[in-house]
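For reference, the structure discussed in these notes is given below.
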Amino acid sequence: MGAKEWCLLICLALSGAADAAERQWRAVDVVLDCFLVKEGSHHGAFASSRNTVKALLVLKQVPVPDDGSLEGLTDFQGGTLAKDDTQIIFEASVNLVQMPQAEALLHADCSGNDVTCEISRYSLQARQEAAMETAAWFITNVQVSGGGPSISMVMKTLGDAENGAVLHPTLNLPLSPQRTVQTAVEFQVTARTPSLDLLLGSSVSLPCGFSMAPGLVLTNVEWRLQHMGSGRLVYSWTTGQGQAKREGATLEPEQLLLAGDASLTLPSLTVKDEGAYVCQISTSRFRAQQIIQLHVQARPKVQLSLANEALPTTLICSVTGYYPLDVTVTWTREELDGARVPVSGASFSSLRQSTAGTYSISSSLTAEPGSAGATYSCQVTHVSLEEPLGANTWVAPPEQGTAFGVLFASSLFLLALLFLGLQRRQGGLSVRQLCVRTTGNRAQERGGRRQQMCEKPAGVCQGDTHSASCHHPPPPVPRRPGPLQVRRLTVETTSSTSAQIFHLEKTDGTWKPPWPQARPQRSWKETAAPSALPQTLQPKQ
């Protein structure tokens with residue numbers, strides 16, 4: 001293959017690459033339904049419908065990326081309106097500036113977003129220069145819903161009324177042969193998104209870009225924070241020098257001058273950084289601004305615990321370290337069939353705020369698990385969470401352990417009565433004192449308190465009434481609900497000549513066989529007895 005053939009292939013390849021690059025972008029007309037604010041009305045925020053009239057804004061031949069969806073799209077055709085029609089059509093050329101967010105404006109309807117467009121008169125900063133101008137200026141504010149871009153454009157009218165052009169009946173401005181007010185965009189300020197949600201402690205870059213016509217000079221960039229009725233300067237750039245009023249705030253001068261990027265970077269966000277940030281760009285002739293809302297968030301932490309095990313059981317759901325203030329706490333109980341049933345009757349503690357600005361609160365609920373027990377869940381809904389955050393715990397029925405312990409102690413009590421009855425028949429014994437010592441789960445936690453249930457028939461006490469065998473028992477300690485365990489069974493019997501004390505004690509999970517044990521009293525004297533046999537106590541002479 002010769003050199004000519006190689007050159008031909010290279011030219012064809014370059015031509016195909018150029019065609020592919022040309023197909024990626026396409027100049028189209030972007031048509032927006034707008035409102036024109038009447039002269040004398042309040043400027044700034046979007047005006048009310050009483051102070052506006054309908055208008056149409058046509059951005060002529062805006063370059064946008066073409067992904068194949070622009071096939072069949074036609075340009076705007078003017079001149080179809082009747083001569084007596086009072087509708088206002090602004091035809092704006094964008095040849096002097098860049099429109100990086102034009103694609104969002106073009107596809108807003110297809111994306112299901114609404115576009116709010118408002119046009120109003122604009123006054124030049126230089127009064128002397130404005131007095132020499134015969135043209136008129138307008139500023140257009142465009143906002144795309146759903147988190148879309150926000151654009152402010154300063155437009156200058158074209159045409160000369162002295163050349164016999166037809167004037168618009170309302171604006172008194174010259175009209176083109178297509179009966180439109182021809183303008184050119186000379187300055188625009190854009191925010192890629194009007195609102196940002198960031199977590200506490202993270203970093204953020206607040207987007208703000210601009211583009212200006214040749215001949216204009218950038219003079220000042222200011223970032224201000226407005227929050228709860230107060231404002232403060234965050235960052236200022238003037239003629240090549242930047243000054244940060246907030247620690248760590250930065251703005252790249254190279255990007256500012258070369259690419260028209262005035263984005264502000266803030267590290268380590270705190271609650272005090274929340275608010276509306278105003279990006280204001282000033283040139284030698286124009287000034288425009290954009291507002292970005294910054295919302296700082298902190299995800300809550302959820303912990304579920306039991307306040308007490310005694311009846312009634314109280315659950316506490318602690319929600320800590322969240323921001324902003326609004327939070328929702330819901331309780332549910334899982335039934336035996338797996339269904340979750342909402343539970344009402346919860347109470348809340350007072351709100352607490354930390355030094356970092358985050359909030360904490362607790363929710364308390366009295367649990368009613370029923371006879372089979374239940375699983376309780378605490379769910380927290382907050383703006384910082386994509387889905388609710390929850391915690392759960394199993395609440396056992398306390399009456400099960402108590403009923404088992406009472407039944408076990410009652411059985412031992414009846415067996416002891418049966419045993420004493422047999423002994424009484426054989427040896428003529430009489431019951432002098434019967435003590436059943438039990439411990440419960442709450443008693444063990446409180447230092448091993450034990451409850452005595454004693455019975456002393458009348459006529460069995462002799463001698464000194466203040467002796468150990470005839471003392472009056474202390475008032476019973478109120479028994480708390482919980483698992484009941486018999487730790488020691490003491491049976492004291494008496495006959496006409498002797499007294500015996502039998503102990504049945506449980507250690508290490510096993511019951512020791514019964515054996516007699518001497519219990520010396522002041523009113524009785526001790527007699528010798530084998531260690532394996534009951535000791536005998538004889539009354540004093």
Side-chain angles (χ1 to χ4, degrees), residues 197-202 227-228 269-272 274 295-406 440-446 477-484:
D197 298 330
L198 275 301
L199 291 177
L200 190 70
S202 61
H227 186 56
M228 300 182 67
L269 291 178
T270 65
V271 172
K272 296 181 180 179
E274 186 176 55
H295 303 283
V296 178
Q297 301 175 355
R299 296 192 179 106
K301 299 178 180 61
V302 181
Q303 184 178 5
L304 184 58
S305 59
L306 270 69
N308 62 293
E309 298 178 357
L311 288 177
T313 303
T314 303
L315 302 176
I316 295 182
C317 181
S318 301
V319 187
T320 58
Y322 65 90
Y323 188 88
L325 178 61
D326 293 337
V327 67
T328 303
V329 181
T330 57
W331 290 88
T332 58
R333 182 180 65 245
E334 184 176 349
E335 302 293 340
L336 294 178
D337 56 357
R340 292 187 177 273
V341 179
V343 181
S344 59
S347 60
F348 289 88
S349 66
S350 58
L351 190 65
R352 303 176 298 275
Q353 188 173 18
S354 66
T355 55
T358 58
Y359 298 98
S360 299
I361 199 170
S362 299
S363 177
S364 302
L365 179 71
T366 300
E368 297 179 358
S371 59
T375 298
Y376 280 81
S377 300
C378 167
Q379 285 193 339
V380 176
T381 303
H382 191 253
V383 67
S384 64
L385 302 173
E386 296 181 359
E387 56 184 17
L389 182 64
N392 58 76
T393 185
W394 164 260
V395 180
E399 59 270 15
Q400 282 189 350
T402 303
F404 176 78
V406 172
N441 57 344
R442 299 300 297 179
Q444 293 174 359
E445 295 176 3
R446 297 181 180 275
V477 179
R479 180 170 56 88
R480 296 178 178 268
L484 192 63

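We're numbering straight along the sequence, starting at 1. Any value given below was found using the heavy atoms of this structure, including those in side chains, with hydrogens, waters and symmetry copies removed.
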In Å and rounded to the nearest 0.5 Å, what is the [atom1] to [atom2] distance from [X] to [Y]?
X    : Y    : atom1 : atom2 : value
T270 : L200 : OG1   : CG    : 7.0 Å
Q297 : T358 : CD    : OG1   : 13.5 Å
T330 : Q379 : OG1   : CD    : 5.0 Å

When the side chains of residues 384-392 are checked against the rest of the protein, which donor-acceptor pairs come out under 3.5 Å, sequence neighbours left out?
| unit_1 | atom_1 | unit_2 | atom_2 | d |
| --- | --- | --- | --- | --- |
| S384 | OG | A298 | O | 3.4 |
| S384 | OG | H382 | ND1 | 2.7 |

Can you name the residues that form a side-chain contact (heavy atoms from CB on, under 4.5 Å) with [X], not counting sequence neighbours?
X    : value
L351 : Y322, L325, Y359, I361
E334 : R340, T375
S305 : I316
S344 : none

Excluding sequence neighbours, so at least two apart, what forms side-chain hydrogen bond (donor to acceptor under 3.5 Å, both in side chains) with [X]?
X    : value
S318 : none
T320 : none
Y323 : E274
S363 : W331

Could you tell me whether the side chain of S349 and the main chain of S362 form a donor-acceptor pair under 3.5 Å?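 Side chain of S349 to backbone of S362: a pair is present.
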For P300 and V319, work out which heavy atoms get closest and say how close.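 Result for this residue pair: CB-CG1, 3.7 Å.
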Please name the pair of heavy atoms, one in A367 and one in V395, separated by the smallest distance, quoted to 0.1 Å. CB-CG1, 4.2 Å
Side chain to side chain contact (heavy atoms under 4.5 Å, CB included) assessment of V380 paired with V327: CA-CA 7 Å; V380 176; V327 67; 3.4 Å; yes
If you define the side chain from C-beta out and look only at heavy atoms, does anything of T313 sit under 4.5 Å from L306?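 Of all side-chain heavy-atom pairs linking L306 with T313, at least one is under 4.5 Å.
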Could you check whether atom CD of Q353 has more than 12 heavy atoms from other residues, nucleotides or ligands sitting under 6.0 Å from it?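 Buried by this count: over 12 neighbours within 6.0 Å.
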Listing request: all disulfide (SG to SG under 2.5 Å) pairs with a residue in residues 316-390, at least two apart in sequence or in separate chains. C317-C378
Worked verdict on V296 versus L198 for side chain to side chain contact (heavy atoms under 4.5 Å, CB included): CA-CA 5 Å; V296 178; L198 275 301; 5.8 Å; no
Only counting residues at least two apart or in another chain, list the ones meeting salt bridge (charged side-chain N to carboxylate O under 4.0 Å, His left out) with R299. none
